[in-house]
Amino acid sequence: MRYDLIIFDNDGVLVDSEPISNQILAGYLTEWGHPTTYEESLRDFMGGSVQRVRDIVRERAGRELPENFESSFHTRVFDEFRRRLQPVPGVETVLEKLEADGVPYCVGSSGSHERIRVALTKTGLFEWFGASRVFSAQDVGRGKPAPDLFLHAAKEMGVAPGRCAVVEDSPLGVRAAVAAGMDVYGFTAMTPAAELVEAGATVLFGDMAELPQLMQ
C-alpha cells in the first residue's frame with residue numbers, strides 16, 4: 001500500500017449512522033422552529049459538527065438554538081444508535097487487511113468523542129481503534145471543512161500529511177482532506193459521486209470491500 005496512514009471518517013464510512021442522525025436532526029430542528037427535511041439535513045449538515053448546525057441556523061434565522069440543543073440531540077441520537085446502528089458493510093474486512101499489511105489507521109470525525117465511542121462500541125468496531133487512534137473535531141479549533149482535524153490526526157500518528165489517505169463520504173470532509181494535502185477516497189454510498197468529485201475526491205468507490213485494492 002502506498003500510504004503510511006489511513007484516516008477514516010466515522011459517520012457513514014465506518015458506521016451506517018447518517019440516515020439515523022439526519023432523520024433525528026431534521027425533526028429536532030423542525031421542533032425548534034427551523035423547518036428542515038431529511039434531504040435538507042443531509043445537504044447542509046452531513047459531515048459537519050453540531051457547532052456547524054448552530055452557526056448555520058444563526059446565520060439563516062438570526063437567533064440561537066437553545067443552550068441544551070447538543071445534549072438533547074445527542075441523547076436522542078445515542079438512544080437510536082444503541083438500538084439499531086450497524087457497521088458499514090465490508091468495513092471489518094478493510095480493517096483486517098490493513099492490520100495484516102501493517103498499515104496504520106485511525107478515525108478523524110466531526111462527531112464528539114462520546115458520539116464516536118458510542119457508535120464504535122455498539123457496532124463492535126471500537127476494539128479495532130481504541131482511544132489512542134480516535135480524533136474528534138473537539139480536539140481542534142476548527143472542524144471540517146478546515147484541515148485542522150486531519151492535520152492533527154496525522155501529527156499525533158507521526159505521519160506527514162502527504163503520506164496520508166482519507167476515506168470520506170461528505171463534501172465537507174473531502175474539502176478538509178484536500179486542504180490538508182491528503183489523497184481522498186470518496187465513498188458514494190450516501191452522497192452523489194459528482195458532489196464528491198467537485199469537492200476534490202481523488203478516487204470514488206461505492207463498495208467498501210473495494211478500498212484496499214484501490215489503495216495499492
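None of the values given here were measured: they were computed from a predicted structure.
Scored by the ring pair (Phe, Tyr, Trp, His ring centres under 6.0 Å) test, Phe187 finds Phe205 as partners (sequence neighbours excluded). For Asp4, the salt bridge (charged side-chain N to carboxylate O under 4.0 Å, His left out) partners are Arg163, not counting sequence neighbours.
The residues Arg115 and Asp11 are annotated as salt-bridged, a charged nitrogen and a carboxylate oxygen being separated by less than 4.0 angstrom. Between Arg76 and Glu31 there is a salt bridge, with a side-chain nitrogen of the basic residue lying less than 4.0 Å from a carboxylate oxygen of the acidic one. Taking a cutoff of 4.0 Å between a charged side-chain nitrogen and a carboxylate oxygen, Asp79 and Arg83 do not qualify as a salt bridge.
Here the CD-CZ distance, from Gln216 to Arg2, works out to 8.5 Å after rounding to the nearest 0.5 Å. A distance of 11.5 Å separates CG in Leu214 from OG1 in Thr202, rounded to the nearest 0.5 Å. From Arg142, atom CZ reaches atom CG of Leu149 across 11.5 Å, with rounding to the nearest 0.5 Å. Here CG of Asp139 is found 8.0 Å from CD of Glu156. Values are rounded to the nearest 0.5 Å. Between Ile24 atom CD1 and Glu80 atom CD the span is 5.0 Å, to the nearest 0.5 Å. The SG atom of Cys106 lies 15.5 Å from the CH2 atom of Trp128; values are rounded to the nearest 0.5 Å.
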task: Would you please test Leu196 and Leu204 for side-chain contact (heavy atoms from CB on, under 4.5 Å) and show each step?
output: CA-CA 8 Å; Leu196 299 179; Leu204 299 177; 3.8 Å; yes
- request: Go through the steps for Leu211 and Met208 under the test side-chain contact (heavy atoms from CB on, under 4.5 Å), then give the verdict.
  value: CA-CA 6 Å; Leu211 185 60; Met208 189 58 68; 4.0 Å; yes
message: Please determine whether salt bridge (charged side-chain N to carboxylate O under 4.0 Å, His left out) holds for the pair Asp55 and Arg58, giving the CA-CA distance in whole Å, both sets of side-chain angles, and the decisive distance to 0.1 Å.
response: CA-CA 5 Å; Asp55 293 343; Arg58 183 190 309 113; 3.0 Å; yes
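Classification of the Tyr28-Phe69 ring pair by plane angle, with boundaries at 30° and 60°, yields parallel. In this structure, Phe78 and Phe81 have tilted ring planes: the angle between them lies in the 30° to 60° band. Ring planes of Tyr105 and Phe8: perpendicular class, angle over 60° (limits at 30 and 60°).
With a 4.5 Å cut-off on side-chain heavy atoms, Pro19 and Tyr38 count as touching. Inter-residue side-chain proximity for Tyr185 and Glu168 is flagged as unmet; no heavy-atom pair is nearer than 4.5 Å. Here the side chains of Leu125 and Val15 are in contact, with some heavy-atom distance below 4.5 Å. Proximity of Val167 to Ile6: side-chain heavy atoms (C-beta onward) are separated by under 4.5 Å at one or more points. For the pair Gln86/Lys122, a side-chain contact is recorded, criterion being any heavy-atom separation below 4.5 Å from C-beta on. Side-chain contact between Thr30 and His34 is absent, with no heavy atoms from C-beta onward closer than 4.5 Å. Using a 4.5 Å cut-off on side-chain heavy atoms (C-beta onward), Glu39 and Asn22 make no contact.
A donor atom on one side chain and an acceptor atom on the other are not found under 3.5 Å apart for Ser109 and Asn10. In the model, Thr191 has no side-chain atom that pairs as donor or acceptor with a side-chain atom of Asp169 under 3.5 Å.
In this structure, Glu99 places its CD atom where more than 12 heavy-atom neighbours from other residues, nucleotides or ligands lie under 6.0 Å away. Within a 6.0 Å radius of CD in Glu127, more than 12 heavy atoms belonging to other residues, nucleotides or ligands are found.
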